[in-house]
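A quick write-up on the structure given underneath.
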Amino acid sequence: MSKLLKEKLSSQTESLREEAKSIIKNHGDKAIGTVIIDQLYGGMRGIKGLICDTSSVGLDTGLIIRGIPILELTDKLPEEIFYLLLTGSLPDEEALKEFQSDLYKRGEVPSYVWDVLNAMPADSHPMVMFSTAILCMEKESEFRKSYDEGISKEDMWEPMLEDCLNIIARVPQIAAFIYRKKFNKGDMIAPDPKLDWAANLAKMLGVKDEDGSFAKLMQLYMVLHSDHEGGNASAFTNNVISSTLSDAYYAFSGALNALAGPLHGLANQECLKFIMKMREEIGHTPEDEEIKNYCQNLLDNGGLVSGYGHAVLRITDPRFTAFMGFGDKSTPDDEIFKMVKQIFDIVPKLLKEQGKAKDPWPNVDAISGSLLYHYGVKEYEFYTVFFGVSRILGFSAQIILARLMGNSIIRPKSVTTEWIKKETAK
Ligand code: HAX
């Protein structure tokens, strides 16, 4: 076990619990908002109903991790980001080294996972394979074992931490296995103890990377996708499942299934698909006017421009900006990357003119695929798996803290249409 990480968390336990108790005691009955009927029909959008301390997303700031804007964290390692998400501060060198070596020791994936993945139909989506791989490891859960042995509520965060660290350590290998199996890339590639978590993922995928820039992309990718507060569809699913005292294997598998929807994490796959289709239908690398006409036509026919719009943001997603900076440096002449930039110049204006989308700006999914494609990961069905590997850092931090705080089971109230009709008739 990563001693320094556990000690750090342990030392915060009492004050965090006292703080929550005092807030509830002194302000528990204060209203912090109203709920209007529109929100019941609109996916509960904007209703403040959860506490999540790992990160926040401001409509005009984007992702902020423990008070630090994401654009100030782009040179960090995902391991450092996990430490920050969980404890509120970045690790020093000693804590980072200890944490990395702990993760490496936990990295062995049970062999039955390979058997399960090998037995799946060849046309299974990589997200189905990923979610299944996590779920089939549930029998490893220390949390469930401890629960069965009668662990007290106060101590539940410890086996939850244990499970999460085991899963974090194993997902790069699982993702790489899925990639290599599904797309016939050959045998598994072993991890290298000298490499960090993201660099190991890059290595095990087997992508040609002579100058190490694909490993750098993986590092940035894993940092940018690590968390996005607690109310987005996958994080919410993760929180709901774990609030029933289900363990992390159940929670992550379920959360990944939510991430796999085209309005959420699958948008990165859909976005690249959209760009390739546009290029194919136009018949050549399109000029600005051709992109404008194509997108206008799509919107006129009720289509969605994948990678644009957001439930919370009202600015260009800073994660998009970070990827743009990477692409400008590393892949400036790439044809698809250039199309992403053209679309960025054109689509916000079209969405504003259409006047439906509340946020006409690009989100992270509008660009991530173009960079992966440049480095030879052309199988866009796989892209959401990268998102999931990274987001498991945030899922983990959120449910470890939820158990540490002893959060209640999540159970909002639903009402019937009849009830609404009666209320509005009053
Ligand atoms: N293209 C066309 N129309 C869009 C649009 C887009 N990119 N974004 C929103 N709209 C439309 C909506 O479909 C909705 O239309 P109707 O009223 O006809 O139903 C209207 O504009 C209002 O929607 P909104 O309130 O602005 O957006 P929501 O909060 O309901 O949904 C979404 C936010 C991200 C789901 C939405 O913008 C969307 O579908 N975008 C494209 C898919 C996408 O990029 N998803 C990834 C989001 C980031 C993420 O979660 N990554 O994992």
Side-chain angles (χ1 to χ4, degrees), residues 70 73-83 96-97 99-109 114 117 126-127 129-130 133 167-226 265 268-269 272 319 322-331 334 336-337 364-365 367-394:
I70 189 65
L73 291 166
T74 50
D75 62 340
K76 300 291 177 217
L77 293 172
E79 295 93 315
E80 292 175 284
I81 298 294
F82 173 71
Y83 210 97
L96 175 63
K97 285 269 160 305
F99 178 49
Q100 287 180 312
S101 111
D102 181 40
L103 276 188
Y104 191 78
K105 283 185 211 135
R106 295 168 182 270
E108 196 176 328
V109 178
W114 311 139
L117 291 174
M127 281 301 280
M129 299 172 81
F130 191 31
I167 298 172
I168 292 171
R170 290 167 191 172
V171 283
Q173 219 176 323
I174 292 172
F177 181 91
I178 294 169
Y179 180 69
R180 294 187 66 77
K181 176 182 165 44
K182 165 96 189 160
F183 303 108
N184 302 315
K185 303 282 180 185
D187 291 342
M188 230 169 23
I189 298 170
D192 177 346
K194 292 189 291 304
L195 295 178
D196 60 66
W197 190 73
N200 249 324
L201 171 60
K203 176 187 155 63
M204 290 185 285
L205 289 165
V207 172
K208 212 165 138 221
D209 187 25
E210 274 153 18
D211 65 356
S213 54
F214 178 67
K216 281 256 166 281
L217 173 64
M218 279 294 101
Q219 176 190 335
L220 180 64
Y221 197 111
M222 295 297 134
V223 166
L224 296 181
H225 288 82
S226 58
N268 57 10
Q269 156 183 329
L272 198 70
R319 299 169 302 170
F323 273 142
M324 181 79 97
F326 183 95
D328 280 338
K329 257 196 229 143
S330 312
T331 67
D334 183 277
I336 306 299
F337 178 67
V364 67
D365 297 318
I367 188 164
S368 54
S370 69
L371 300 173
L372 295 168
Y373 195 86
H374 172 84
Y375 286 99
V377 185
K378 299 198 168 175
E379 303 83 0
Y380 37 77
E381 268 195 313
F382 189 74
Y383 293 175
T384 312
V385 175
F386 285 123
F387 194 153
V389 169
S390 167
R391 190 52 66 85
I392 277 174
L393 301 174

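The first residue of the sequence shown is numbered 1, and numbering continues consecutively from there. The figures that follow rest on heavy atoms only: side chains count, while hydrogens, waters and symmetry mates do not.
- Contact check for Ile174 versus Val385: no side-chain heavy atoms found under the 4.5 Å cut-off.
- At a threshold of 4.5 Å between non-hydrogen side-chain atoms, the residues Phe177 and Val109 do not count as touching.
- In terms of heavy-atom proximity, Lys203 sits nearest to Ala190 at CE-O, 3.1 Å.
- Aromatic ring centres of Tyr221 and Phe323 lie closer together than 6.0 Å.
- With contacts defined as side-chain heavy-atom distances shorter than 4.5 Å, the pair Asp334/Leu371 does not qualify.
- Considering Lys185, Lys182, Lys181 as possible partners of Glu379, the one that fulfils the salt bridge (Lys or Arg N to Asp or Glu O under 4.0 Å) test is Lys185.
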request  = Start with the C-alpha distance between Phe386 and Phe382, add both sets of side-chain angles, then the distance that settles ring-ring contact (aromatic ring centres under 6.0 Å, His included), and finish with yes or no.
outcome  = CA-CA 7 Å; Phe386 285 123; Phe382 189 74; 5.0 Å; yes
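- Of all heavy-atom pairs spanning Arg180 and Met204, the tightest one is CD-O, 3.2 Å.
- A 4.5 Å side-chain heavy-atom check between Leu224 and Ile70 finds at least one atom pair inside the cut-off.
- Using a 4.5 Å heavy-atom cutoff, the side chains of Phe183 and Val377 are not in contact.
- Here the closest non-hydrogen pair linking Tyr383 and Asn268 is O-ND2, 3.4 Å.
- Minimum interatomic distance between Pro191 and Asn200 (heavy atoms only, all atoms of both residues): CA-OD1, 3.3 Å.
- Between Leu217 and Ser330 the shortest side-chain heavy-atom distance does not fall below 4.5 Å.
- At least one side-chain heavy atom of Ile178 sits less than 4.5 Å from a side-chain heavy atom of Phe130.
- Leu201 and Pro172 make their closest contact through CD1-O, 3.6 Å (heavy atoms, listed as atom of the first residue, atom of the second, distance).
- The aromatic rings of Phe99 and Phe82 sit parallel to each other, their planes meeting at less than 30°, with 60° as the upper class boundary.
- Scanning all heavy atoms of the two residues, the minimum distance from Phe387 to Asp365 falls at CE1-OD1, 3.8 Å.
- For the residue pair Ser213 / Tyr375, a side-chain donor-acceptor distance below 3.5 Å is found, with atom types taken as modelled.
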